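This report refers to the structure that appears directly beneath it.
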Amino acid sequence: TRNAALLNAVEAMEAHVAEPLTLSALARLADVSPRHLNRLFHENLGRPAMRYYRDLRLEKAKSLLRNAPLSITEIALATGFASSAHFSRAFSQAFGLPPSALR
């Protein structure tokens with residue numbers, strides 16, 4: 001997409017994987033309302049902004065699991081999850097297997 005607001009929001013998401021921003025903060029950075037930002041994500045990427053953000057963080061975690069010598073807890077924290085339990089649940093839901101299966 002060429003939409004500047006959407007590109008700015010995705011760039012901010014990529015820059016803030018470890019400490020996720022709120023929808024309001026993303027919208028401010030993109031210079032649109034939170035509702036409009038969600039609409040842009042839905043129309044262009046097929047999912048709400050915060051779901052896209054979570055999926056982006058989970059993909060980063062998947063890459064770290066495969067390529068980094070970090071513990072699962074360290075990866076959970078590095079990708080913005082409050083705990084390894086929360087991370088494990090989200091990862092299992094997204095990929096159908098626990099993070100430990102990629103080790």
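Quick note: residue numbers are just sequence positions, from 1. As the structure is a prediction and not an experimental result, all values here were calculated from the model.
- Looking at F91 and L102, their side chains come closer than 4.5 Å, going by heavy atoms from C-beta outward.
- Contact between A9 and L26 at its shortest, heavy atoms only, is O-CD2, 3.9 Å.
- Shortest non-hydrogen contact noted between A82 and L77 is O-CD2, 4.1 Å.
- The two atoms that bring E19 and Y53 nearest to each other are O-OH, 4.3 Å, heavy atoms only.
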Stepwise side-chain hydrogen bond (donor to acceptor under 3.5 Å, both in side chains) test for H36 and R39: CA-CA 5 Å; H36 186 65; R39 191 175 313 120; 3.1 Å; yes

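- Nearest heavy-atom pair across S84 and A76 is CA-CB, 4.0 Å.
- Across P20 and R57, no two heavy atoms sit closer than the pair CG-NE, 3.6 Å.
- Geometrically, R47 does not engage F41 in a cation-pi contact defined by less than 6.0 Å to the ring centre and at most 45° from the axis.
- Across all their heavy atoms, A49 and M13 have their closest contact at O-CE, 3.4 Å.
- Between I75 and L64 there is a side-chain heavy-atom pair separated by less than 4.5 Å.
- In this structure the side chain of L97 never reaches within 4.5 angstrom of the side chain of S92, judged on heavy atoms.
- Annotation: side chain of L58 is not in contact with side chain of T79 (no heavy-atom distance under 4.5 Å).
- Side-chain contact check for L45 versus L40: every heavy-atom pair is 4.5 Å or farther apart.
- The shortest distance between side-chain heavy atoms of I72 and L65 falls below 4.5 Å.
- Looking at heavy atoms from C-beta onward, S88 lies in side-chain contact with P99 at the 4.5 angstrom threshold.
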